[in-house]
Protein chains: 2
Amino acid sequence: MSNDYVKMWKDLGLDIDAHDALLGVLGNAYTDIYLAQKNRPEGMDYFNFVMSEVHGLRIKELIDEKAQGRKIIGSYCVFVPEEIALAANATLIGLCSGADFAMEEVEKYLPRNTCALIKSAMGFKLGKVCPYLEASDMVVGENTCDGKKKAYESLGELMENLYVMDLPQMKSTQGRALLRAEYERFKDAVEALTGVKIISESLKSAIQTVNAKRSALHRLAKLRKADPAPISGLDALLANQVSFYDNPARFTESVNKICDELETRIAEKKGALPEKTPRIIVSGCPMAVPNWKFPWIVETSGGVIVGEESCVGERGCRNLTDDSGESVEQMMEAITDRYYKVDCAIFTPNQDRLNHITEMVEEYQADGVIHYGLQFCQPYLMESIPVEKALEEKDIPTLRIETDYGMEDVGQLKTRVEAFIEQLK
Amino acid sequence: MSNDYVKMWKDLGLDIDAHDALLGVLGNAYTDIYLAQKNRPEGMDYFNFVMSEVHGLRIKELIDEKAQGRKIIGSYCVFVPEEIALAANATLIGLCSGADFAMEEVEKYLPRNTCALIKSAMGFKLGKVCPYLEASDMVVGENTCDGKKKAYESLGELMENLYVMDLPQMKSTQGRALLRAEYERFKDAVEALTGVKIISESLKSAIQTVNAKRSALHRLAKLRKADPAPISGLDALLANQVSFYDNPARFTESVNKICDELETRIAEKKGALPEKTPRIIVSGCPMAVPNWKFPWIVETSGGVIVGEESCVGERGCRNLTDDSGESVEQMMEAITDRYYKVDCAIFTPNQDRLNHITEMVEEYQADGVIHYGLQFCQPYLMESIPVEKALEEKDIPTLRIETDYGMEDVGQLKTRVEAFIEQLK
């Protein structure tokens, strides 16, 4: 790494030794898991570059934006509307929570029986290894699950700029009103942070930018209907992961370029994995960078992932925001409508999610569903039982797995996944 | 048990063999834990009788009420306003969730890593052993924690009469509006169930009935300030537990009678346990009948419990409802105000609870606090860490324990509790 980056990281207050160690692990994992894949689309070179510069060039861009007076907003959840941040001339980035870090310190703040994602978010703060978090002028927490809701109380003690967004638990008149009011409050907070008043032009433009990004991701998703799948699940997941922190316009262009290439590959019947490879939908908890463990297991065990029913996947990108409104008020309503459709397991009841999983199986011609649950993630683990029942009633083979970010269970998981895929052939 | 009861249980659809087994365990536990205590107030004879008839006479009373057209509403949470049920001529009862039952069946519906209280509620339904549940014309679930919220989705498939109440997660304008709207919706549902329109007279009378019950419980609580404590923590807990399903007027009278007796005992310096016994506040998760394990451990390990900072304790009974309103609307506002003060760990932030624990330590002259957490109860386990930190900053000795309804950890818990109490002497 260049010395410029080291100075930048030091200026952000990172623990350089710990950060070096993290980057080392990340680099090795990327080499072993991503670069080891065969038949990748050429367009993935963009993501290879992005990943090689994940804490370098992209952070430098953010620092440069900050120097020009732009504010950086970090978030942990797909309920935080990027449209509002962009409209106020701020940059929204998803924060790292895909690896174990500083676990001994973390367990002074959170019970051991907390899910890996939440522990990771806390560990990255305590370990001072996340330049995105340290570059953020405002960090947005949100009341999704109990685990996150209560963890933000402790995280808030470690940072001065944590803003907590409340969220509904039911899709009701009051639930929607709460979401609408919270988005208004968020808009006010972002405007106060940036000093930029959101106007109809800026909001419309922001909606269009985010729609274009989501459309590109969805275009990529739909190309995976082909057999052979033109791109691996690992690579498609990476695109979804990078969408959370890359520059939106550049990201959209890069994904569309990959999509052009994938169309050619489909016409040539060229796949990332061979034709007739058993096709899997992975459904459940989000996989944040560098949590590539489970898709790596699936795609080295005889399967190909053709869809992610996850926040880092379809749940995050499938619905667009209506951009036809003329006033800020109309567009704020449209934003609320769009996010209100997110079928997170924190909602009760959550029939939409179940319907969507079934739709994905049909649309992507999947042979089976693996429900991916992080240990101690109550909403998704609890919902996985009715999901499995409903899918099995439709004769869709389903496997429920529960894991964390550790590598201890890889052998056991691989055995289960191989056996599951074998039955799909 | 009389044959009348057996017929009644059969008519309710109970599994008689399983129910016999449950009553056997319950009876033995009561004998070993409650009747084995020395120096109990004579007034506890009422509760001995109530417990000996817990699935007998009280159920017969409910069946008789039903025969006269009164409706029975079961609930699992202190957020369900008894005032509204009573005002519509219905009886509200708390439902059993204090013992493991039918665990193999339960784990087909809920993940193993679900708290004992939620598993118990499901097990009592699947095992067909709870006459209160089977006698209920309406069962009210509520969106408190993720575990309960998602469990009601599965429980709802096993019963036709489940009603789910939404609850806020933050004390905000929108949060209070949600609670107010949900209480109005509950009022409508109860009126529809009973066919009785709630009017100002009936609502005022219901508020007064519930206030009288809570005042009696709080009178009992305050008498425990004395040293020696005139009543054991086990007995005080039992009064709180029974308050959830006994006839309110009779219960209030019986508790007040015990309070009269306790005043005499205090004047005579007569205690349930000796003077200078280390005094403990137990804070955290609720203990439903017959979950007496932890207070039994404390009070056979050299301590006396002088207060329960719990839903089955102060959190459930400490605030009264203003009964001065003249209209139904005014009193519904007062009910909302009263329940809005409940400092459950589902709220974020929840500083009120922390303040209240400290107040209780001072008020009841406690020597230390034990935080009682049910394994996998995320809200209370997560909140226990800041609770412990805050109390230790005030030099209040604190012990955090995490357990379930099983007996496997009794020896280990007893060792920890004894060591903690030893340091308080």
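Note on naming: letters A, B, ... go to the chains in the order of the sequence lines (proteins, then strands), and numbering restarts at 1 for each one.
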Exercise. Under 4.5 Å heavy-atom distance to chain A, tell me which part of B/Leu381 shows up: side chain, backbone, both or neither.
Key: both

Self-check item: Residue selection (most heavy-atom pairs with chain A, distance under 4.5 Å) from B/Ser384, B/Pro386, B/Ala177, B/Gly373
Solution: B/Ala177

Exercise. Measure the CE-NZ distance between B/Met382 and A/Lys148 for me, rounded to the nearest 0.5 Å.
Key: 11.5 Å

Quiz item: Considering only heavy atoms, which portion of B/Glu157 lies under 4.5 Å from any heavy atom of chain A: side chain, backbone, both, or neither?
Solution: neither

Quiz item: What residue, out of B/Asn350, B/Asp166, B/Asn113, has the most heavy-atom pairs lying under 4.5 Å from chain A?
Solution: B/Asp166

Quiz item: Around A/Lys187, counting heavy atoms of other residues, nucleotides and ligands shown, do more than 12 lie under 6.0 Å from its NZ?
Solution: yes

Self-check item: Six-ring centre of A/Tyr109, B/Lys389 cation under 6.0 angstrom, axis tolerance 45°
Solution: yes

Exercise. Identify which of A/Ala345, A/Ala151, A/Ser172, A/Ser154 forms the greatest number of heavy-atom pairs closer than 4.5 Å to chain B.
Key: A/Ala345

Exercise. Might you confirm whether atom NZ of A/Lys293 has over 12 heavy atoms from other residues, nucleotides or ligands at distances under 6.0 Å?
Key: yes

Quiz item: Which one, B/Gln174, B/Glu383, B/Lys108, leads in non-hydrogen pairs under 4.5 Å with chain A?
Solution: B/Gln174

Self-check item: Atom of B/Thr144, atom of A/Asp146 and distance for their closest heavy-atom approach
Solution: O-OD1, 4.5 Å

Exercise. Heavy-atom pairs under 4.5 Å with chain A are the metric here; pick the option from B/Gly156, B/Gly175, B/Pro168, B/Cys145 that has the most.
Key: B/Cys145

Quiz item: Can you say whether A/Gln375 sits under 4.5 Å from chain B via the side chain, the backbone, both, or neither, judging by heavy atoms?
Solution: side chain

Quiz item: Rounded to the nearest 0.5 Å, what separation is found between the CD1 atom of A/Ile118 and the CD atom of B/Gln378?
Solution: 6.5 Å

Quiz item: Side chain, backbone, both or neither: which part of B/Glu402 has an atom under 4.5 Å from a heavy atom of chain A?
Solution: side chain

Quiz prompt | B/Lys150 side chain vs A/Phe347 backbone, donor-acceptor pair below 3.5 Å | solution = yes

Quiz item: If you take all heavy atoms of B/Gln169 and A/Leu167, which pair is closest and at what distance?
Solution: NE2-O, 2.9 Å

Quiz prompt | Region of A/Ile385 that comes under 4.5 Å of a non-hydrogen atom in chain B | solution = side chain

Self-check item: Minimum heavy-atom distance between A/Thr348 and B/Glu153, given as atom pair plus value
Solution: OG1-OE2, 2.7 Å

